[in-house]
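It should be emphasised that the depicted structure is a prediction, and the values quoted were computed from it without experimental measurement.
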Amino acid sequence: MGLYESLVRRAKRDGSLSTLAVDWYRTRLRVCTSDPDVHRYIASQHHLVKPVTPLPAPHPVADLYAISDPDPIAERRLGAPTGRRQAFTGEWYAEHRGSDGETVLVSEDTDEHPHVLVTPDFRSWVVAARKADSLGLLASRTIRELVREAIVADGALMFHGAAAQRPDGKGVFIVGASSSGKTSSAIWLGRWGGRVVGTDRTFLAPTDAGWLAIGLPVSTRLGAGSVAALGILEALRGRAPVRAINPFKSGAGAVPVQRSEPGLPLDKVWLSNREVMEILGLPFTATTRPDTIVVLERSACEEPVFERLDAVAAAAALRPHLLAPDPDYRSRWLARDPSPESAEPALSGLAELLRAHTVTRLRWDPSTHCDARVRELVAEMAGAGEAKVDA
């Protein structure tokens, strides 16, 4: 009996396994665990409303077993490592082949979150952690990465970007450099009847019904300026701090909300999808149509200025934000073939996207212009080629 089967049987013998169904875009998972805190953690991070856009057929349902075990490989001797795989932003795994041919990834993080990931087919998985309080975080991150792998395998383009659905149902896809206002813009666009789709890494996927913008199940990170502009500082006080997008990165643990001299948080706060809903009244959905595509550019201008770009200029404006390959991954670490994504198919996909969609560049000062007026600004951008909007 291989490691995957022995861990699953051990979990089933416990008799307290329960299942949480998780759907995200086309990925469908049954998350099985005996720890109710794991399900609560995942449910908060994956809290969604149904998309209004039709979705392609889902992938077959797969299982993810989340198991706490002080030494998950004690009963099975593994062969020599067959290689190494790097997860998001620098966590390394030693890859082994199990006795039944399954792939076993042993985390090299032996201090904070020691764990293993085991799969017989790169669809169904076991995540086994030595520390019970690590299990919810590890299971949630594994789901995020499985969603990412499935979307990439569908030929989607991954961007450093955000997306939202306006109250009228029209979707907006936003790219830009860090601190250009992507997350705050998505939140303003989705408030009061809209939805947020993604706030950090967001995809554009070709489907038979056209392109779709797809988010990832990740925490929403808000800095002091965004917290102030959104008016949610008091609502954040006293709440449990949330998790970082990469909990394994040094210094990326939970950050408490603290009062600085101006009365703002000293650092960014991380909010799960459910917390965004509770604090901002703003639901998440997994996908929307990219009816408007916007490239944000920071500028010291007194007024926001936007212009519609031709295909050549649009490609040049989007390319720096196209993560192909994604610099935070050196391998497709949860895929059968760990080779990084090649840039060539993505560039071909970008050309195809620009044959179907126009792109608008917005120059602005997000600290001044990114507020409730974003909705009117985007509405005007969607209906005009080039204009100025009063600040």
Side-chain angles (χ1 to χ4, degrees), residues 24-27 59 82-95 103 105 107-109 117 119 122-123 125 141-163 173-180 182-183 197-207 211-219 221 244-249 252 287 290 293 295-296 312 314-355 357 359:
W24 195 286
Y25 185 53
R26 296 181 62 208
T27 299
H59 297 294
T82 57
R84 294 175 84 212
R85 296 190 181 214
Q86 184 194 12
F88 184 69
T89 64
E91 197 205 2
W92 286 94
Y93 288 80
E95 179 187 275
T103 298
L105 303 179
S107 171
E108 296 180 359
D109 171 15
L117 293 160
T119 181
F122 286 90
R123 287 190 59 254
W125 293 79
R141 187 196 62 154
T142 302
I143 294 169
R144 182 194 78 205
E145 295 300 302
L146 292 175
V147 169
R148 176 187 179 273
E149 289 297 336
I151 300 173
V152 168
D154 278 354
L157 308 179
M158 190 173 190
F159 286 89
H160 187 206
F173 187 80
I174 308 163
V175 301
S178 296
S179 300
S180 61
K182 297 185 299 297
T183 297
V197 173
T199 59
D200 184 72
R201 277 171 161 75
T202 310
F203 295 89
L204 288 175
T207 73
W211 289 82
L212 291 178
I214 310 163
L216 279 177
V218 298
S219 301
R221 297 176 291 174
I245 188 173
N246 177 24
F248 304 95
K249 191 174 181 179
T287 185
I293 299 178
V295 178
L296 297 180
V312 174
L318 289 174
R319 181 63 183 96
H321 311 294
L322 177 62
L323 303 176
D326 189 330
D328 283 323
Y329 293 86
R330 295 187 187 180
S331 66
R332 295 275 301 279
W333 72 289
L334 294 188
R336 190 179 300 277
D337 178 3
S339 303
E341 302 99 283
S342 169
E344 292 183 7
L347 293 176
S348 176
L350 180 61
E352 189 67 28
L353 170 73
L354 295 177
R355 281 191 281 272
H357 288 273
V359 176

(request) To the nearest 0.5 Å, tell me how far L117 CG sits from W125 CH2. (result)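 One finds 6.0 Å between CG of L117 and CH2 of W125.
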By side chain to side chain contact (heavy atoms under 4.5 Å, CB included) - contacts of [X] (at least two apart):
X: A351; answer: R355
X: T202; answer: A163, F173
X: T207; answer: Y25, P56, A209, L212

Please tell me if the side chains of [X] and [Y] come closer than 4.5 Å, counting only heavy atoms from C-beta onward.
X: L322; Y: R319; answer: yes
X: L296; Y: I174; answer: yes
X: R201; Y: D328; answer: yes
X: L216; Y: F203; answer: yes
X: T27; Y: I143; answer: no
X: T183; Y: D200; answer: no
X: E91; Y: R141; answer: yes

(message) Please enumerate all residues that pass salt bridge (charged side-chain N to carboxylate O under 4.0 Å, His left out) together with E95, with sequence neighbours excluded.
(response)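 In terms of salt bridge (charged side-chain N to carboxylate O under 4.0 Å, His left out), with neighbours along the sequence ignored, E95 is linked to R85, R97.
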(message) Going by salt bridge (charged side-chain N to carboxylate O under 4.0 Å, His left out), name the residues that satisfy it together with R84, two or more places apart in sequence or in a different chain.
(response)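 Result, salt bridge (charged side-chain N to carboxylate O under 4.0 Å, His left out) vs R84: E108.
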(request) State which residues pass ring pair (Phe, Tyr, Trp, His ring centres under 6.0 Å) with W333; sequence neighbours excluded, sorted by chain then number. (result)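 Here the qualifying residues are Y93.
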(request) Output all residues satisfying side-chain hydrogen bond (donor to acceptor under 3.5 Å, both in side chains) with R330, sequence neighbours left out; order by chain, then residue number. (result)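 R330 satisfies side-chain hydrogen bond (donor to acceptor under 3.5 Å, both in side chains) with Q86 only.
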(message) Taking side-chain hydrogen bond (donor to acceptor under 3.5 Å, both in side chains) as the definition, give me every residue that meets it alongside S339, ordered by chain and number, with sequence neighbours left out.
(response)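 If we apply the side-chain hydrogen bond (donor to acceptor under 3.5 Å, both in side chains) test to S339, skipping adjacent residues, the hits are D337.
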(message) Using a 3.5 Å distance criterion without hydrogens, assess whether the side chain of W24 forms a donor-acceptor pair with backbone atoms of G215.
(response)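 Present.
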(request) Give a yes or no on whether the backbone of A162 and the side-chain of K182 come within a donor-acceptor separation of less than 3.5 Å. (result)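 Side chain of K182 to backbone of A162: no pair is present.
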(request) Quick one: closest heavy-atom pair of A213 and P290, and the distance? (result)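 Residues A213 and P290, closest heavy atoms: N-CD, 4.0 Å.
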(request) Return the minimal non-hydrogen interatomic distance between I214 and V197, and the atom names on each side. (result)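 Smallest interatomic distance, heavy atoms only, reads C-CG1, 4.0 Å.
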Just distance, no hydrogens or angles: give the donor-acceptor pairs under 3.5 Å from side chains in residues 146-160, sequence neighbours left out.
unit_1, atom_1, unit_2, atom_2, d
R148, NH2, E341, OE2, 2.9
E149, OE1, R332, NE, 2.5
E149, OE1, R332, NH2, 3.0
D154, OD1, R26, NH1, 2.9
D154, OD2, R26, NH1, 2.8

